[in-house]
Amino acid sequence: SVVSGSPFVEGATVTVAGAALLQRLAGAVTRVRASILSSQVDLQGPLSKQGFVAATVSCEVEQPALQQLLYDLEAGMPFLLIDQLVVQAPAVAASAPNGSGPGKLRVLISVSGQWQGAR
């Protein structure tokens with residue numbers, strides 16, 4: 001199947017583009033039934049002068065869903081680059097104190113996408 005949509009992060013301003021990027025990232029995370037722990041948008045990172053915006057999400061995800069999440073981010077539109085992926089294995093305890101249960105990975109994922117600016 002052909003993926004449709006713009007390869008660029010859309011937004012009239014860099015702030016709106018950052019919000020759109022975070023919405024895209026959060027949508028991909030929730031589609032695999034993962035829990036978002038925190039999120040952050042970086043509009044002034046090292047690549048911002050080249051027209052890129054970045055976002056980071058910390059989440060808990062089941063191990064089989066991690067590959068689906070990465071595929072969604074890499075194969076969908078807008079075109080996103082995975083800048084950082086940190087995966088922490090679940091604790092050995094039978095259940096986590098926060099109720100997340102065994103088997104969930106803690107994942108920190110940072111992505112960036114190119115923003116063309118206002119048209």
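What you see is a predicted model, and the numbers here were worked out from it, not measured in a lab.
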Discussion item. If you count heavy atoms of other groups shown closer than 6.0 angstrom to CD of Gln23, is the number above 12?
Written reply: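 Open: at most 12 neighbouring heavy atoms sit under 6.0 Å from CD of Gln23.
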Quick one: [atom1] on [X] to [atom2] on [Y], what's the gap to the nearest 0.5 Å?
{"X": "Leu66", "Y": "Leu70", "atom1": "CG", "atom2": "CG", "value": "4.5 Å"}
{"X": "Gln114", "Y": "Phe8", "atom1": "CD", "atom2": "CZ", "value": "5.0 Å"}
{"X": "Gln84", "Y": "Ile109", "atom1": "CD", "atom2": "CD1", "value": "9.5 Å"}
{"X": "Asp42", "Y": "Leu22", "atom1": "CG", "atom2": "CG", "value": "12.0 Å"}
{"X": "Leu85", "Y": "Leu73", "atom1": "CG", "atom2": "CG", "value": "10.0 Å"}

Give me the atom names and distance for the closest heavy-atom approach of [X] to [Y].
{"X": "Gly113", "Y": "Leu21", "answer": "N-CD2, 4.4 Å"}
{"X": "Ala89", "Y": "Leu105", "answer": "CA-CD2, 3.9 Å"}
{"X": "Val57", "Y": "Ser39", "answer": "CG2-CB, 4.0 Å"}
{"X": "Cys59", "Y": "Val29", "answer": "CB-CG1, 4.0 Å"}
{"X": "Pro78", "Y": "Pro7", "answer": "CB-O, 3.6 Å"}
{"X": "Trp115", "Y": "Ala17", "answer": "CD1-CB, 3.3 Å"}

Practice prompt. May I ask you to check whether Ser110 and Asp83 show a side-chain donor-acceptor distance below 3.5 Å?
Written response: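 Per modelled atom types, Ser110 and Asp83 side chains form no pair under 3.5 Å.
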Worksheet item: Going by heavy atoms in the side chains, are Phe79 and Val9 under 4.5 Å from each other?
Response: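 They are not in contact (no side-chain heavy atoms under 4.5 Å apart), so the answer is no.
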Worksheet item: Which other residues belong to the hydrophobic cluster containing Val86, where Ile, Leu, Val, Met, Phe, Trp and Tyr are joined when side-chain heavy atoms lie under 4.5 Å apart, directly or via other members?
Response: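 Members besides Val86, by chain and number: Leu108.
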Worksheet entry | Steps toward side-chain contact (heavy atoms from CB on, under 4.5 Å) verdict (Val32, Asp72) | CA-CA 10 Å; Val32 296; Asp72 183 354; 6.0 Å; no
Discussion item. Using modelled atom types and a 3.5 Å cut-off, is there a donor and acceptor pairing between side-chain atoms of Thr13 and backbone atoms of Val16?
Written reply: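 Checking the backbone N and O of Val16 against the side chain of Thr13, a donor-acceptor pair under 3.5 Å is found.
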Item to complete: Report yes or no: does Arg24 contribute a side-chain atom to a donor-acceptor pair with the main-chain N or O of Met77 at less than 3.5 Å?
Response: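 Here the side-chain-to-backbone pair exists.
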Worksheet entry | Hydrophobic cluster identity match, Val87 and Leu25, side-chain contacts under 4.5 Å |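 Looking at the clustering, Leu25 is in the same group as Val87.
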Discussion item. Between Tyr71 and Leu80, is there shared hydrophobic-cluster membership here, with clusters defined by ILVMFWY side-chain heavy atoms closer than 4.5 Å?
Written reply: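 Not linked; separate clusters.
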Worksheet item: So Val41 and Val53, side-chain contact (heavy atoms from CB on, under 4.5 Å) or not? Walk me through it.
Response: CA-CA 8 Å; Val41 177; Val53 292; 5.7 Å; no
Worksheet item: Quick one: side chain to side chain donor-acceptor pair (under 3.5 Å) partners of Ser58, sequence neighbours excluded?
Response: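 Listed in chain order: nothing, the list is empty.
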Worksheet entry | Candidates Gln88, Lys104, Arg106 - the one meeting side chain to side chain donor-acceptor pair (under 3.5 Å) with Glu60 |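 Of Gln88, Lys104, Arg106, side chain to side chain donor-acceptor pair (under 3.5 Å) with Glu60 is met by Arg106 alone.
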